[in-house]
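Hydrogens, waters and symmetry mates play no part in the numbers below; they use all other heavy atoms, side chains included. All chains are named by letter (A, B, ...) in the order of the sequence lines, taking the proteins before the strands, and each is independently numbered beginning at 1. What you see is a predicted model, and the numbers here were worked out from it, not measured in a lab.
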Amino acid sequence: MTAPTAPSTKINDDTGHDLKFQLIDKALKKCQFQQDALIEVLHTAQETFGHLDEEILDYVSLQLKLPPSWVYGVATFYNFFTLDPQGEHVCVVCLGTACYVKGAGEIVTRLEEEFSIKAGATTEDGNLSLLTARCLGNCSLAPMLTLDGEVHGKQTAESVIAALKAKTTQKAALEEEKV
Amino acid sequence: MPVITLTINDELVSARSGQSILEACRDHDIQLPTLCYLDGLSARGGCRLCLVDVAGSPRLLPACTTEALENMVVTTHNEKIDRYRRMILELTFAERNHTCAVCVSNENCELQSLAAELGMDHVRYDYLNPELNLDTSHERYGVDHNRCLLCLRCVRVCDEVEGAHTWDVMGRGVESRVITDLNRPWGDSESCTDCGKCVEVCPTGALFDKGSSVAEMKKEASFLRRILDGREKRQWQR
Amino acid sequence: MSEQQKKIRLATVWLGGCSGCHMSFLDLDERLIDLLEQVELVYGPLVDAKEFPQDVDICLVEGAVTNVENLELARTIRNNSKQVISFGDCAVTGNVTSMRNRIPVKDLLTAVYHEAQAPIGAESLKVLPALLKKALPLHQAVKVDIYLPGCPPAPERIATVVTALLNKQPVELQPEMRTFG
Amino acid sequence: MNPTSLAEQAAQELQRQEQLKLRLFLCYSTPCVAAGAEPVKTALEELLAKQDLAADLEIVATGCMGPCSRGPLLRIKNADGEEQTFEKVTPEQAKEILLHSIANQPVETTALPADLPFFVRQTRIVLSNSGEIDPEKIEHGIARGSYSALAHVLHEMSAEEVCAEIKQSGLRGRGGGGYPTGLKWNLVRKSPAERKYVVANGDEGDPGAYMDRTIMESDPHRVLEGMAIAGYAVGAEQGYIYVRGEYPLAAARLVKAIKAAERRGLLGSRVLGSNFNFRIDLRIGAGAFVCGEETALMTSIMGRRGQPVPRPPYPAQSGLWGYPTLINNVESYANIAPIMQQGADWFAGFGTEKSKGTKVFALCGEVVNSGLIEVPMGISLRDIVFEIGGGLPDGGKFKAAQTGGPSGGCIPAEHLDTPVDYESLKELGSIMGSGGLIVMNESSCMPDVAKFFMGFCMEESCGKCVPCRVGTVEMYELLTRITDGSAMLNDLETLEQLCRLVQETSLCGLGMTAPNPVLNTLHYYRDEYLAHIQENNCPAGVCQLDQIPLLKLPEHAAELAVFKEEH
C-alpha cells in the first residue's frame with residue numbers, strides 16, 4: 001500500500017490537488033479530528049474531488065486515526081459517496097413513487113438505450129453519468145430529474161435527451177472554438 | 001452478582017442479572033441455533049437463528065442481544081419458530097455459492113451441520129449465484145467470498161480481541177462483502193498481524209488455511225474463551 | 001406373473017450429474033440382491049429401457065435440471081411416478097452442476113466447444129439440447145417428495161430411504177444422514 | 001435576549017410590516033424555484049429598484065405555500081390586509097401584478113379564488129408560518145411568535161409539566177410509528193444519566209414524501225424551538241438534527257437559522273436568560289434510507305455505517321454514545337411550540353379520539369392539485385383526493401391511494417371514505433407513514449407497484465440481518481417473475497410465506513415493513529396478480545409478460561437463446 005501522504009510533503013505538479021487536500025484539512029480541523037465526524041469529512045472530500053479514491057480514503061483514515069477498512073466500509077455504505085470519478089455532466093433521474101407512476105422508469109430505460117450505459121454508470125468518454133435517486137422530494141413536478149444539479153420538472157424521455165444532447169454538443173462546440 | 005429467575009420452555013431457570021437469554025439457555029443446556037453469535041465476541045443479532053418468543057413482546061427477539069429479565073417467559077422452539085429458522089437457513093444457502101461437496105470445510109462447517117440439525121433439506125428460493133472471487137494473496141490464509149455468511153465474526157474478533165481491525169464490511173444489502181483494509185488483497189494488508197484468529201472463528205469455509213483441500217479444514221474457536229478468560233480474569237490455562 | 005405385478009416398480013434417472021450417486025447405489029452391494037427381490041427396476045442407466053414407463057412407484061432422480069431435455073424428462077417423471085426422490089446433492093441443491101450458473105450460457109458453450117483443448121466443433125451444437133440459463137435443483141422444476149442429500153449419498157442413506165419406502169413407512173433421515181456434501 | 005426583549009422585537013417587526021404599502025410573498029421553495037420562481041424574483045426586484053419603491057414595499061421569499069403543481073406562486077397583500085394569490089406566474093405577469101397593485105388598479109391576471117377547497121379545507125398548525133415568512137429572516141418568525149413558547153416554558157414551567165402537557169395533547173409520532181410523544185419524553189426524562197441527547201429525524205426517505213423537507217425549508221425555527229423545548233423537558237443540553245443529504249436547501253436554511261438563534265441567545269448557553277443551555281448541531285445524511293430508522297440514524301450520527309441495532313434497549317435507555325436519547329420526527333417537533341403556546345386542550349380539539357391534531361401530507365401522483373397539505377386527523381381520503389386535490393386529471397379513474405411509502409400500502413376506491421388516522425390506515429393494511437400520499441389511476445399495475453417498492457427496499461437494505469438482506473432479493477425475484485410472465489401459481493404461495501418471514505424476523509423496521517406493499521396489494525388486487533400468472537395478462541397494460549414459465553420451456557425450445565450458427 002502506498003504510504004499516506006500529507007499534502008505538504010507531497011511532490012505534485014498539480015497544485016489544484018494540494019489545494020483540495022487543504023480543504024479536507026480544514027474540514028478535519030473544524031471537527032477537531034473527531035472520529036465521529038467521518039461522514040462530514042467524507043462529504044467535504046466528495047464535494048472537493050468529485051469522488052473518493054484510495055489516496056483520499058487513506059489520508060482520511062490516517063488523520064482521523066480510524067482503521068482503513070472502517071473508512072472504506074462507511075464510504076461504500078452511503079449512496080452519496082462514489083469511488084469512481086463522475087462524468088462531465090451528471091443526470092439524476094428521480095425514481096420516487098410519484099415519478100415512477102408518471103413514467104420515470106421509462107425515461108431511465110430510454111436514456112440507457114440512447115447513451116448505451118446502465119443507470120449508475122458513466123459513459124466511456126466520461127461525458128455523462130446517469131444516476132437514479134430515490135425521491136428528490138419534488139413530487140409535484142413528476143417526473144423530474146436534475147441535470148448538473150439543476151431541477152427539471154415534468155420531463156419526457158425526448159425532452160431529457162434533447163437537453164443532454166444540447167449540453168454535450170455545447171461542450172464539443174466550445175472545444176472546437178478553442179482549436 | 002444478583003440472580004434472577006425466568007421461565008424457559010415451561011421450566012423455571014435461574015440466570016445472572018445482565019446475562020442474555022442465549023447465555024441463560026446455554027447455561028442450562030437448552031439448545032439454540034446460532035451462526036453470528038460466538039462466545040467471547042460482542043453479540044450482533046444478525047443471523048436471526050436464535051430468535052425466541054418472549055411472552056408480552058409482539059415480535060420474536062434475538063436471544064443473543066436480549067437481556068434475560070426476572071419473570072420473563074421464553075419459548076425457544078415451536079412450530080413457527082422452527083419453520084422460520086429453516087427458512088432463514090434456506091435464504092442463507094441461496095445467497096452465496098455454498099457448494100458443500102467441494103468446500104474445504106465440508107464435514108466441519110457450522111452452516112452445513114445446522115441445516116442437517118434443523119432439517120433444512122432443500123432450498124425453495126432462487127439461488128442467487130453471485131459472481132465472487134477468492135483471495136489467496138495472504139501467505140498463510142485465504143478468503144473465499146462464495147462461502148461467506150456475513151456473520152462478521154472475523155470483523156469482531158479482529159477488532160475486539162486482536163485489536164487490529166483489519167477486517168470490515170463494504171457495501172450494503174446483498175452486495176455487502178468483508179474486506180481487508182481499503183478493499184486491497186489480504187496479502188497486501190498493513191494492519192493484519194497474521195494471527196489467524198479470523199480463520200479459526202469463521203463458521204464456514206470462507207476463511208481457510210492455504211493448502212487445505214476439500215474437507216480438510218478444521219477449526220477450533222474455543223481458544224477464544226481461553227485467551228479472554230486469561231486476559232480478563234488472569235486465569236491462564238496451560 | 002402375478003408375483004411380478006406385486007413388485008414395486010423402481011426407476012432411476014440420471015440428469016445433469018456425474019453418475020456418482022448411481023455408483024453409490026451400486027455400492028449397496030449384497031443388499032442389491034435383497035432389493036431386487038422386492039422391486040422391478042423399470043427404467044434407468046442400469047437397465048435397457050428407451051422410454052420412461054408409466055405407473056412407476058419410486059423414482060430416484062440424480063443430477064440437476066440443466067437443459068430442456070432434462071426439464072421434459074422431469075415432467076414425465078413427475079406425471080408417471082408416485083414418489084419422486086431427489087437423489088444426491090445435484091438434484092437437491094444443484095451442487096457442482098450449478099457451478100456454471102455464474103457464466104452466461106453463450107460464454108459457457110464457447111469455452112467448451114470452441115476454445116477447449118480439443119475443440120469439438122460448432123456442428124455438435126446442433127444436436128445439443130438447449131441449456132437452461134441456470135442449472136436447477138429438481139424441486140424447482142417439479143414437485144419432489146423426498147430429499148436424499150449427499151455427494152454422493154452414502155449407501156447407508158440410500159438403504160434407509162429405500163427400505164422405509166418399501167415398508168411403506170415415513171422416511172425420516174437422522175441429522176447425520178441428511179448433511180449436504 | 002430575554003422574554004421581554006423577544007416580545008419587543010416581535011412588536012417592532014410587526015409594526016414595520018404594517019407600515020408597508022404592499023407585501024409580495026413569492027414562494028421560494030424547491031418546486032416553485034424549479035418552476036421558475038427565480039426570474040420572477042429578479043424581475044420584481046429590478047422593478048422595485050427602478051421605481052424606487054423599496055421603502056414601501058417588500059418582497060418576501062417564503063417557504064412552501066402548498067399547491068406546488070401551480071407554481072411559481074405569488075401572493076400579494078396590501079396595507080388593509082387584503083390578499084390575492086396568483087398561480088404559474090411569469091416575470092411579465094409579476095411585473096404587471098405589481099404595477100397595477102401599486103396603482104390600485106384591478107389586475108388583469110386572474111387570481112386563484114379565495115375559497116379554493118385546496119386552501120379552505122386545510123387546517124394549518126405545523127405550516128402556519130409556511131408561506132408567510134422568509135425562513136432566512138429570524139425577525140419574520142419572531143414577529144409570528146417563534147420562540148415565545150420556549151420563553152414561556154423556560155420561565156414558567158417545570159420539565160415535568162412540559163412532558164405532562166405534551167402527553168395530554170395526545171400528540172403521536174409523526175414519523176409513521178405513531179408512538180405517543182409525551183410517553184417517550186417522560187421515558188427519557190426519567191432515565192437517570194449524566195448526559196442526554198435530543199435528536200430530530202429529518203431523514204425523510206419515503207419516496208413521494210417531502211413534508212419534512214418543506215417544514216425545515218419553510219420554517220426552520222419552528223423545528224429548533226420544538227427541539228429546545230424537548231431538551232428542557234428531558235434534561236438534554238445537546239441536540240442533533242439529521243437532515244437527508246438530498247435536501248441541501250433545508251440544511252443550508254437550518255445552518256443559518258441555528259446561527260441566527262444562537263446570536264440572539266435563543267439557543268446556546270443560558271437560553272433566553274434562563275439557566276438552560278442547549279446547542280443544536282446539524283448532521284447531513286449521505287444517502288441511505290435505512291438511516292430513517294432511529295437506531296440506524298444514531299449510528300450514522302456517530303459517523304459509522306448506518307446499520308440498526310436490535311431493540312431493546314431502546315434509545316430512551318441507551319442511544320447516542322450509550323446515553324438516553326430522545327428521537328422524534330421533524331414534524332413532531334414542529335407541533336410542540338403551538339401546543340405549548342395554545343395548550344394541550346386546544347390541540348386535542350383537532351383530530352379524532354386516538355389521533356389528535358393535524359397531519360401534513362405530500363399529495364401527489366395523478367391528482368389535479370398536487371402539493372403540500374395539512375389536514376386534521378380523521379378527514380376522509382375522499383376529501384383529500386377529490387376536494388383538496390381536485391380529483392384526477394384528464395378524466396382519470398381513481399384506482400388507489402398509496403400511503404406510507406415502501407412500508408405502507410395501497411388503499412382502493414372502496415375505502416375512500418376511511419378516516420385518515422393511525423388506526424384506520426393500519427386496519428386497511430397500510431400505515432400513516434411519514435405522510436406521502438400518492439394517487440394512482442387505472443394505468444398503474446399493482447404487482448408492478450409492489451415490485452417497485454420491493455426493489456427500493458432491496459437496494460436500501462443495510463445487509464445486517466439475513467431475512468431482509470436476502471429475503472427482499474428473493475421477493476423481488478418472485479415479483480419479477482409475476483410481472484415478466486414466467487411465474488407459476490405456486491410462486492404466489494412462496495411469496496406470501498416469505499413476506500411473513502421477513503415481516504416477523506427482520507431486525508429493524510425496514511425489513512419488518514418491506515413486505516407490506518406486497519401483502520396489501522395481494523389483499524386488495526389479487527385478481528390482478530392472478531391475471532398475470534394464469535392469463536398472461538396485465539390489466540393495466542404495464543407489464544411486458546414476454547417470458548415463459550419454466551415448465552412450459554420445452555414447448556418453446558426452438559426460441560430459446562441457444563448458441564447456434566451465429567457464432
So which residue, [options], ends up with the most heavy-atom pairs under 4.5 Å with chain D?
options: B:E67, B:M170, B:E90; value: B:M170
options: B:L149, B:L49, B:I81, B:L150; value: B:L150
options: B:E95, B:K80, B:R124; value: B:E95

Might you confirm whether atom [atom1] of [X] has over 12 heavy atoms from other residues, nucleotides or ligands at distances under 6.0 Å?
X: B:Q31; atom1: CD; answer: no
X: D:R500; atom1: CZ; answer: no
X: B:D10; atom1: CG; answer: no

We want to know whether B:R83 and D:Q497 form a side-chain donor-acceptor pair, criterion being a heavy-atom distance below 3.5 angstrom. no

Counting only non-hydrogen atoms closer than 4.5 Å, does [X] touch chain B with its backbone (N, CA, C, O), its side chain (CB onward), both, or neither?
X: D:L498; value: both
X: D:S506; value: backbone
X: D:E474; value: side chain

Looking at D:E504, D:M512, D:Q503, which one forms a side-chain contact (heavy atoms from CB on, under 4.5 Å) with B:R59? D:M512

Taking all non-hydrogen atoms of both residues into account, name the closest pair between [X] and [Y] and its distance.
X: D:G463; Y: B:S176; value: CA-OG, 4.2 Å
X: B:P62; Y: D:P310; value: CG-CB, 4.4 Å
X: B:R172; Y: D:E460; value: NH2-OE1, 2.9 Å
X: D:L507; Y: B:R44; value: CD1-O, 4.3 Å

Measure the [atom1]-[atom2] distance between [X] and [Y] for me, rounded to the nearest 0.5 Å.
X: D:T505; Y: B:R85; atom1: OG1; atom2: CZ; answer: 11.5 Å
X: B:E175; Y: D:M458; atom1: CD; atom2: CE; answer: 8.5 Å
X: B:L91; Y: D:T472; atom1: CG; atom2: OG1; answer: 9.5 Å
X: D:T480; Y: B:D126; atom1: OG1; atom2: CG; answer: 9.5 Å

If you apply the rule side chain to side chain contact (heavy atoms under 4.5 Å, CB included), what do you find for D:L501 with B:I88, and how did you get there? CA-CA 8 Å; D:L501 173 86; B:I88 289 169; 4.1 Å; yes

Any non-hydrogen side-chain atom of B:L128 less than 4.5 Å from a side-chain atom of D:V470? yes

Is B:L61 in contact with chain D via its backbone, its side chain, both, or neither, using a 4.5 Å heavy-atom distance? side chain

Under 4.5 Å heavy-atom distance to chain D, tell me which part of B:T92 shows up: side chain, backbone, both or neither. both

Looking at B:G171, is its backbone amide N or carbonyl O close enough to the side chain of D:R305 to form a donor-acceptor pair, meaning the two atoms are under 3.5 Å apart? yes

